[in-house]
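Reviewing the structure listed below.
To find a chain, count down the sequence lines: A is the first, B the second, and so on, and within it residues start at 1.
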Protein chains: 2
Amino acid sequence: MTGSERQTLLDRCRQSGLRITGQRRVILDVLESATDHPDVEELHRKVSAIEPGVNIATVYRTMNTLAEHGLIERHTFEDGRTRFEPAPTDHHDHFIDVDTGKVIEFVSDEIERLQEEIARKHGFEIVSHRLELYVKRLRSD
Amino acid sequence: MTGSERQTLLDRCRQSGLRITGQRRVILDVLESATDHPDVEELHRKVSAIEPGVNIATVYRTMNTLAEHGLIERHTFEDGRTRFEPAPTDHHDHFIDVDTGKVIEFVSDEIERLQEEIARKHGFEIVSHRLELYVKRLRSD
DNA sequence: TTGCAAGTGCAAATCATTTGCATTAACTCG
DNA sequence: CGAGTTAATGCAAATGATTTGCACTTGCAA
């Protein structure tokens, strides 16, 4: 019932004691408003459109800093590129549309439960996991 | 009931019309006898132990050739390194032991089925997928 | 406002992987 | 079995992504 449920990346940066610079504002903004999971180059391109002159090394460094502080997640899909997504609030898995390259999130408690079960059977406990479904849109004609 | 069920990588290379060179013999051998999923550097190290003087570019090239011919699979786990595993005979998913780095394979028809179901619900059909469980050994004390 | 540490730009360094080119060696065919 | 073609290899240089050293700038706490 507080107003803090949809916390912005910027807020979380503050909480982590990171300095809020002009570049960071833009980077965080771009990162947050991205529907897709962008890679560094994409980020840099979008950031530069808003605020030219931001060095790509800064984007790299910012991504690393954010990741260290747990504010973003780093993903490496089969296409090899390292991509980012803001804040692991709730856990979810990914559809990757092989035609468009779009990444869509989904959740399945059932699958999560099965994973636990299988791990236990093998004498493991799960630290984390990743499930990626490479998909094509179903055509209804 | 023929004798062809456990086909060696070498055989499959021959079938694909690849030349069998001294280096390749060794590389295939190392690849096949590896329980873990090695990356290029690991492969090169092991190969060099048997047959010194094999250039790492050759290992890279061989991996690419094998992958093109579908004789090995390329994986990129969260640790970022590109790793290989011989022959995608049956489909399976991976446990990655976060302590040891070991990769263990497993299968779950149930999970596979759930995946199909979820994809369908979202209007997708699955082209391929990857499920990785990052795990720790359960301690029984 | 002042000072210091964190952040930034730029260029050079690093790391993994690929590639051009000359050389070697597998397989095919006679 | 020997010659020819063509893939495979070695080596070094090129590439592409990411990191880093260093000098300079700037956010923020006091």
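- Between the CZ atom of B/R14 and the C1' atom of C/dC27 there is a distance of 12 Å, given to the nearest Å.
- In terms of modelled atom types and a separation under 3.5 Å, the side chain of A/R83 and the main chain of A/T76 share no donor-acceptor contact.
- Scanning for side-chain contact (heavy atoms from CB on, under 4.5 Å) contacts around A/E125 gives B/K136, B/L138, with sequence neighbours left out.
- Near-neighbour residues of DNA chain D inside residues 29-36 of chain B, defined by a heavy atom below 4.0 Å, are absent.
- Under a 4.5 Å side-chain heavy-atom criterion applied to ILVMFWY residues, the cluster that includes A/L131 comprises A/F95, A/I104, A/F106, A/I111, A/L114, A/I118, A/F124, A/I126, A/L133, A/V135, B/F95, B/I104, B/F106, B/I111, B/L114, B/I118, B/F124, B/I126, B/L131, B/L133, B/V135 as well.
- For the pair B/T82 and C/dA16, the criterion of a side-chain N or O lying under 4.0 Å from OP1 or OP2 is not met.
- Looking at residues two or more places apart in sequence or on another chain, you find no ring-ring contact (aromatic ring centres under 6.0 Å, His included) involving B/F84.
- Under the 4.5 Å side-chain heavy-atom criterion for Ile, Leu, Val, Met, Phe, Trp and Tyr, A/V59 and A/L18 are members of the same hydrophobic cluster.
- Shown here are the side chain to side chain donor-acceptor pair (under 3.5 Å) partners of B/E110, two or more places apart in sequence or in another chain: there are none.
- For A/I56, the side-chain contact (heavy atoms from CB on, under 4.5 Å) partners at least two apart in sequence or on another chain are A/V40, A/H44, A/Y60.
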Contacts under 3.5 Å, N or O only, protein and nucleotides 1-4 of chain D:
none

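- In this structure, CZ of B/R83 is placed 12 Å from P of C/dT17, rounded to the nearest angstrom.
- The phosphate of D/dT19 has neither OP1 nor OP2 within less than 4.0 Å of any side-chain N or O from A/Y60.
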Protein-proximity profile, nucleotides 7-14 of chain D, B/S/- by nucleotide at the 4.0 Å heavy-atom cutoff, equals BSBBB---
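- Using a distance-only test at 3.5 Å, with no hydrogens or angles considered, no donor-acceptor pair links the side chain of B/R12 to the main chain of B/H69.
- Using a 4.0 Å cut-off, no side-chain N or O of A/N64 falls inside it from OP1 or OP2 of D/dT18.
- Proximity of a side-chain donor or acceptor of A/T62 to a complementary backbone N or O of A/T58 within less than 3.5 Å is detected.
- From one end of the helix from C/dT1-D/dA30 to C/dG30-D/dC1 to the other, with five pairs defining each end axis, the axis direction shifts by 30° (rounded to 10°).
- In this structure, the side-chain contact (heavy atoms from CB on, under 4.5 Å) partners of A/E32, at least two apart in sequence or on a different chain, are A/T8, A/L9.
- Atom-to-atom, NE2 of A/H44 to P of C/dG9 comes out at 8 Å; the value is rounded to the nearest Å.
- Rounded to an integer number of Å, the gap from CE of B/M63 to P of C/dA16 is 17 Å.
- In this structure B/S128 satisfies the side-chain contact (heavy atoms from CB on, under 4.5 Å) test together with A/Y134, sequence neighbours excluded.
- A donor-acceptor pair under 3.5 Å is formed between the side chain of A/D97 and the backbone N or O of A/D99.
- Between the CZ atom of A/R45 and the C1' atom of D/dA17 there is a distance of 15 Å, rounded to whole Å.
- Listed by first and then second residue, the salt bridge (charged side-chain N to carboxylate O under 4.0 Å, His left out) pairs involving residues 40-51 of chain B are B/E42-B/R81 (not counting sequence neighbours).
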